[in-house]
Amino acid sequence: MSAIQYQKTADHIVILTFNSPNQSANTMNADFRAALTEVVNQLKADDNVSGIIFRSAKKTFFAGGDLDELIQATPAHATEFFNMIEEMKAQLRYIETCGIPVVAALNGTALGGGWEIALCAHQRIALNDPKTKFGLPEVTLGLLPGGGGIVRTVRLLGLQTAFPLLLEGKQLSVKTAQSLGLVHDTADSLDELLDKSISWIKAHPQSQQPFDVKGYKIPDGSPSTPAVAQMLAIAPAMLRDKTKGCYPAPEAIMSAAVEGAQVDVDTALTIESRYFSYLATGQVSKNMIGTFWHGMNSIKSGAHRPQEIALWQAKKVGILGAGMMGAGIAYVTASKGIAVILKDVSIEAAEKGKAYSQKLLDKKVSQGRIHAEQRDQILGLIKTTLDARDLQDCDLIIEAVFENQQLKAQVTQEAEQYLAADGIMASNTSTLPISHLAQASQDQSKFIGLHFFSPVDKMQLVEIIKSQNTSDETLAKAFDFVQQIGKLPIVVNDSRGFFTSRVFGTFVQEGLRLLAEGVHPARIEMAALKAGMPVGPLAIQDEVSLTLTEHITNETRKALQAEGKERPVSPVDDVIHTMIHQFNRKGKAAGAGFYDYPEAGKKQLWSGLSHWNQNSEISEQEMMERFLFVQALDTVRCLEEGVLQSAVEGNLGSIFGIGFPAWTGGALQYLNQYGLASALARAKTLEQQYGERFNTPELLKAKASRTEPF
């Protein structure tokens, strides 16, 4: 069956129905390209065509490019790839310019290549559906819109309006797309959608794109227009400040947009194809497609969930502790329509936690994102209490109190007696071993770790931690709950610090080690940012608080001593101790840490850090690799030790839980793209220079010897 069905009506209107065989959604794969060539040849051979309608036989209009194909493209294929893209665009350009009215009847979401096809039409009519999204999100996968999306968006909207859509990959609702003029009309049913498409064609027998009309000017002006030129004078610097040079796609998008706006349409399309070929055959897009598309879909499909256990939904969730984490968990849970019991030691504390939800929801109302009635409905789902009996029949109770094992044991024993018969108990600890915490439970098989990240409303990841005795049924329920509240679950086995906290700690500690070595603090922070980390290690340590780090260090030391082990003292301990006990600088919450926090103005590095500064000579590249390797090697150890169950979870967990640079595709993919043999040699050099934390895991040695990627 052809990927495009060609049907001609009695009115000589050709309806092209996209229906990719053996796929749930339409994609720009080899089948589509072959069908498009065939369709264009039919159109060229037929002199009696009065109009063309694009429509879809799928639930959505068109999903976009075939990422399975794109990830295979290499620099060796660059010329062949470029020619393939140019040929496909030439076919679409023929349809667009043959003088026949063209309508895109958008029955659902059109993203990426699908939206580019829609932009080829002279009239876009969309089915009214709040779930429908339009846009060009290619930048989020290290790519650019290579099917004409940049050229047409710039010509229709102008550079300044187009940039956010192209550089940020913003997705538009039907209403927003219509307000921008990208959707011209809407319909309330599929029949009306087709009727309106036919009517428009009959009313516009001669039609062409507005930008193909002689004398057309790009909105707001070309790059040489003074106002636009002024914007473009600073835009590249602003973009580089944001990307730190780690992401080639946004820079390529800006270049293709600006260069294309200075030439005719066909030349602009060729410029776009060249930049697209450069990105598609490059390593960064491979890293990002592999993790953010294939890896993400693997997790969302439940590949890492215990099989043969029925899907489960929580109807009532108890949360112990209404502090920052508990309040955030309450918000995201209630936002998905689940009843929440928010318990604290006083009703004032519990109400303060609920007020956090009120604040977030009020902001959404003021932005027009939700109605006041929706806000009130969500808030009505959160019941505050200081009485544990209100937890009766909760399907899930999440303990989110301070990181103290005795306190956690106390609240667990108080609460779990009120669980529903098949309910489960969870701890939101970030460091304490779940197997130790589970000892306080009356049924360890129903006890599990749910490690949320702050701020809970923004952070997508939840780390699910199995204790030694957690049952598969409990794990499946925890997995289902995380997906129920719209979060991304990764499953790890128990260990001190689990995966994310443990590996995240290596990054922060490496920054403090560099400080102890005498490196200027500003150079440390900048090297981390240029490596692609979202925040420098000194700034993060302030956010975490130095006192909490000292507390966790002391607790870890005690726990290891109880096991007959010793925690070696490191230069990091000395830096933390000196900051707290000599300089009385405890972190951001205390108003003073590695940074000063003036009431008016931006934070700035504390001048007293000169205590350590010796202007040590170490290159920025060396620091960047230390930051990335120390995390990547410990991620390998987590996989080797069985803390991590899969490379997919390691990559996604490192990005969403730790902030490992997205351009790498994750901590394990960073080593893959570095080249395992080269990574092995680099690790050995780093170990010789800086110590055993860069010791090469046996798993890396084995993978490198077999040239077998993670």
Side-chain angles (χ1 to χ4, degrees), residues 63-65 67 109-116 118-119 132-183 218-220 223 228 231-232 234-261 272 275-276 278-280 282 284-285 287-289 291-293 296 363-364 367-369 457-460 488 529 532-535 655-656 659 661-665:
L67 295 174
T109 291
L111 296 172
W115 184 236
E116 289 180 291
L119 291 176
T132 291
K133 298 293 179 185
F134 303 131
L136 301 167
E138 285 89 345
V139 68
T140 61
L141 295 175
L143 297 166
L144 60 72
I150 294 177
V151 176
R152 293 183 177 91
T153 302
V154 167
R155 276 168 165 73
L156 291 171
L157 300 180
L159 285 163
Q160 296 192 66
T161 305
F163 274 164
L165 305 184
L166 299 170
L167 295 171
E168 299 168 29
K170 286 188 175 182
Q171 296 184 20
L172 309 174
S173 64
V174 173
K175 184 178 179 181
T176 303
Q178 192 171 16
S179 71
L180 288 170
L182 295 177
V183 165
I218 295 175
D220 298 327
V228 178
M231 179 270 292
L232 293 177
I234 59 171
M238 292 175 65
L239 185 62
R240 177 55 69 102
D241 182 61
K242 188 174 181 180
T243 67
K244 299 298 185 291
C246 294
Y247 299 89
E251 294 184 7
I253 288 171
M254 182 173 285
S255 296
V258 175
E259 291 170 27
E272 179 189 87
Y275 280 109
F276 182 55
Y278 157 69
L279 293 175
V284 171
S285 65
N287 296 341
M288 297 179 76
I289 292 170
T291 297
F292 294 113
W293 180 254
M296 190 85 80
K363 184 177 180 181
K364 283 190 171 184
Q367 293 172 336
R369 294 165 61 189
D457 58 292
K458 293 180 180 175
M459 297 295 280
Q460 193 173 353
L488 181 71
L529 295 174
M533 298 299 296
V535 185
I655 292 172
F656 288 105
W663 67 266
T664 66

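When a residue number appears, it is its place in the shown sequence, counting from 1. All figures in this text were calculated on a predicted structure; none of them were measured in a lab.
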Minimal non-hydrogen separation, [X] against [Y], with atom names:
X    : Y    : value
P250 : L167 : O-CD2, 3.2 Å
P137 : G112 : CD-N, 3.6 Å
G142 : S285 : O-CB, 3.6 Å
L232 : F163 : CD2-CE1, 3.9 Å
P534 : G659 : CD-O, 3.0 Å

Residues which pass side-chain contact (heavy atoms from CB on, under 4.5 Å) with T291, listed by chain and number, not counting sequence neighbours: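 If we apply the side-chain contact (heavy atoms from CB on, under 4.5 Å) test to T291, skipping adjacent residues, the hits are N651, L652, I655.
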Any residue meeting side-chain contact (heavy atoms from CB on, under 4.5 Å) with P248, in chain and number order, not counting sequence neighbours: Y278, L279, V284
Rounded to the nearest 0.5 Å, what's the gap from [atom1] on [X] to [atom2] on [Y]? Could you check?
X    : Y    : atom1 : atom2 : answer
W293 : T140 : CH2   : OG1   : 10.0 Å
I289 : M296 : CD1   : CE    : 13.5 Å
M254 : L166 : CE    : CG    : 10.0 Å
K244 : M533 : NZ    : CE    : 13.0 Å
E251 : Y275 : CD    : OH    : 10.5 Å
M288 : Y247 : CE    : OH    : 6.0 Å

For E138, all residues meeting salt bridge (Lys or Arg N to Asp or Glu O under 4.0 Å), sequence neighbours excluded: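 Once residues adjacent in sequence are excluded, E138 has no partner under the salt bridge (Lys or Arg N to Asp or Glu O under 4.0 Å) criterion.
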L165 vs L180 side-chain heavy atoms within contact, under 4.5 Å: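 Yes, side chains in contact.
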Pairwise side chain to side chain donor-acceptor pair (under 3.5 Å) hits with a residue in residues 156-175, at least two apart: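 Found S173-T176.
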Residues L172, V183; criterion side-chain contact (heavy atoms from CB on, under 4.5 Å); working and verdict: CA-CA 10 Å; L172 309 174; V183 165; over 6 Å; no
Set of ring-ring contact (aromatic ring centres under 6.0 Å, His included) partners for F134, sequence neighbours left out: W115
Give the table of side-chain donor-acceptor pairs shorter than 3.5 Å for residues 146-158, with sequence neighbours excluded, one pair per line with atom names and distance.
unit_1 : atom_1 : unit_2 : atom_2 : d
R152   : NE     : E96    : OE2    : 2.7
R152   : NH1    : G147   : O      : 3.4
R152   : NH2    : E96    : OE1    : 2.9
T153   : OG1    : G149   : O      : 2.6
R155   : NH1    : G260   : O      : 3.3
R155   : NH2    : G260   : O      : 3.2
R155   : NH2    : V263   : O      : 2.5

CA sep, side-chain torsions, deciding dist, call: L136, E116, side-chain contact (heavy atoms from CB on, under 4.5 Å): CA-CA 8 Å; L136 301 167; E116 289 180 291; 3.7 Å; yes
